[in-house]
Amino acid sequence: MIRLRPQSAAYLMLVVVMLLWAGNSIVGRAIRDDIPPLFLALLRWMGALLVIAPFAARHLAQDRGAIVRNWPVILLLGLLGVAAFNGFLYSGLRYTTASNGMLLQAAIPALVLLVDFLVFGTRAGAGAIFGVALSTLGIVVIVFQGRPGALSQVAFNRGDALILCGVVAWAFYTSLLRLRPKLHIQSFLAVTFAIGMLAMLPLAATEWREIAVVSWTPRVFAAVLYVALLPSVLAYALFNTAVATLGPASAGQAITLTPLFGALLAALTLGEQLHAHHFAGMALILGGILVTAFVRSREALTKPSADVQRADNRMPS
């Protein structure tokens with residue numbers, strides 16, 4: 001049986017997470033005309049909560065005291081990472097192109113570094129900044145198809161503004177995960193999913209006229225089932241665990257894999273062709289992530305800092 005180092009396992013988790021989240025964006029875009037976005041977000045978290053609740057019940061009873069003591073932090077994380085990001089994402093996908101959405105999400109790693117500095121005073125090293133810049137360049141190559149002149153053709157609309165709001169929310173969520181109280185991962189997910197569901201409930205009510213005419217075809221039902229299970233229960237559990245191991249900045253950089261996986265999934269499911277700029281962008285993205293991983297491993301070897309020890313302590317019990 002192969003045993004992976006904790007850091008290697010965390011990066012593997014992030015690969016799975018970004019693949020699932022790329023599928024989430026594709027599904028959200030594909031059914032934008034079939035189901036209203038805030039109602040989709042409500043169904044996503046309602047379904048995810050129903051799935052995880054039976055498994056989390058025992059841990060919730062054990063963690064009740066910690067949940068009560070730390071409710072402001074848990075509430076903030078639930079509102080940012082569960083309610084706000086997904087509500088803005090699904091709403092924005094109604095009005096903007098996938099390319100613009102990918103470009104905006106590519107700003108997340110840099111924003112995580114900025115939030116880390118503004119909120120916690122954490123200064124990123126030159127190696128980490130170079131790794132983020134390299135991966136971001138890979139995203140730009142993919143989005144603009146290797147043609148710098150395409151930048152002048154980008155037009156931002158209200159969908160882009162909505163996704164940008166979600167991007168900022170996710171950057172704060174990723175950075176603030178270091179404040180996550182020491183709860184079992186199932187307790188944390190169940191509580192934050194419940195927060196997301198309750199937050200989306202009054203917002204989804206504003207879409208009542210569209211909800212009343214939703215046609216529950218197998219396609220729509222399968223889409224709701226997908227977003228409730230894989231990008232929610234599984235992906236959030238893996239992402240939280242990876243952040244606890246690698247730290248917010250390193251884990252946040254992995255979001256640059258999402259548009260890459262999106263292009264690959266579009267080729268497989270929609271018949272879109274892959275071109276040279278896709279592979280060039282892929283090399284830059286992976287290169288940036290490898291640079292960051294190398295810098296982090298060197299830091300861990302030369303200086304087993306308190307940050308690394310605190311990360312180990314934040315691992316789910």
Side-chain angles (χ1 to χ4, degrees), residues 7 10-11 14 17-18 21 70 72-85 88-89 102-140 160-161 163-182 188 192 236 239-259 284-285 287-315:
Q7 290 186 2
Y11 278 112
L14 289 174
V17 169
M18 300 313 154
W21 282 347
N70 297 280
V73 171
I74 297 172
L75 177 63
L76 180 60
L77 291 173
L79 291 175
L80 287 173
V82 178
F85 175 72
F88 283 125
L89 175 65
M102 286 191 291
L103 177 62
L104 291 168
Q105 291 186 58
I108 289 178
L111 286 175
V112 171
L113 294 181
L114 178 61
V115 174
D116 274 354
F117 174 71
L118 293 177
V119 178
F120 299 103
T122 303
R123 295 179 179 271
I129 293 174
F130 177 71
V132 169
L134 196 61
S135 291
T136 303
L137 178 60
I139 296 297
V140 173
D160 302 317
I163 291 181
L164 181 59
C165 290
V167 163
V168 172
W170 188 260
F172 272 94
Y173 172 77
T174 301
S175 181
L176 294 174
L177 271 177
R178 70 181 68 205
L179 302 178
R180 195 192 94 190
K182 193 175 181 182
F188 178 74
T192 52
Y236 270 69
F239 184 77
N240 277 269
T241 303
V243 170
T245 304
L246 300 174
S250 297
Q253 186 186 352
I255 200 74
T256 53
L257 288 172
T258 301
L284 289 168
I285 291 169
I289 293 175
L290 288 175
V291 166
T292 302
F294 175 75
V295 169
R296 182 175 175 82
S297 64
R298 286 291 299 272
E299 290 176 348
L301 288 174
T302 58
K303 186 183 69 173
S305 65
D307 288 340
V308 174
Q309 294 172 12
R310 283 196 297 269
D312 292 338
N313 292 335
R314 288 197 304 270
M315 286 293 288

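Quick note: numbers below take in every heavy atom, side chains included, and nothing from hydrogens, waters or symmetry partners.
- Judged as a side chain to side chain donor-acceptor pair (under 3.5 Å), and not counting sequence neighbours, the contacts of T174 are W170.
- Side-chain contact between F239 and M18 is present, with at least one heavy-atom pair separated by less than 4.5 Å.
- Distance check: T258 OG1 to I108 CD1 gives 7.5 Å after rounding to the nearest 0.5 Å.
- For the atom pair CG of L290 and CD1 of I285, the computed distance is 12.0 Å after rounding to the nearest 0.5 Å.
- Not counting sequence neighbours, the partners of I74 by the side chain to side chain contact (heavy atoms under 4.5 Å, CB included) test are I67, N70, P181, L183, V191, T192, I195.
- Among the candidates V115, V73, L77, the single residue satisfying the side-chain contact (heavy atoms from CB on, under 4.5 Å) test with L176 is L77.
- For the pair L177 and F188, the minimum side-chain heavy-atom distance is below 4.5 Å.
- The shortest heavy-atom contact between V243 and A251 is CG2-CB, 3.6 Å.
- In this structure, the side chains of W21 and I255 come closer than 4.5 Å at one or more pairs of heavy atoms.
- Looking at every heavy atom in both residues, A169 comes nearest to A84 through CB-CB, 3.9 Å.
- L246 places a side-chain heavy atom less than 4.5 Å from the side chain of L14.
- In this structure, CG in N240 is found 4.0 Å from OH in Y173, a value given to the nearest 0.5 Å.
- Legend: salt bridge (charged side-chain N to carboxylate O under 4.0 Å, His left out) pairs involving residues 109-119, not counting sequence neighbours, sorted by first then second residue: D116-R178.
- By the 4.5 Å heavy-atom criterion applied to side chains, Y236 and V82 are counted as neighbours.
- Here the closest heavy-atom approach between residue A110 and residue V132 is recorded as N-CG1, 3.9 Å.
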Checklist entry - Yes or no on side-chain contact (heavy atoms from CB on, under 4.5 Å) for F172 and L79, after CA distance, side-chain angles and deciding distance? => result CA-CA 11 Å; F172 272 94; L79 291 175; over 6 Å; no

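- Looking at residues two or more places apart in sequence or on another chain, you find a side chain to side chain contact (heavy atoms under 4.5 Å, CB included) between L114 and L111, L118.
- Here salt bridge (charged side-chain N to carboxylate O under 4.0 Å, His left out) pairs that include residues 123-140, with residues two or more places apart or in two chains, number zero.
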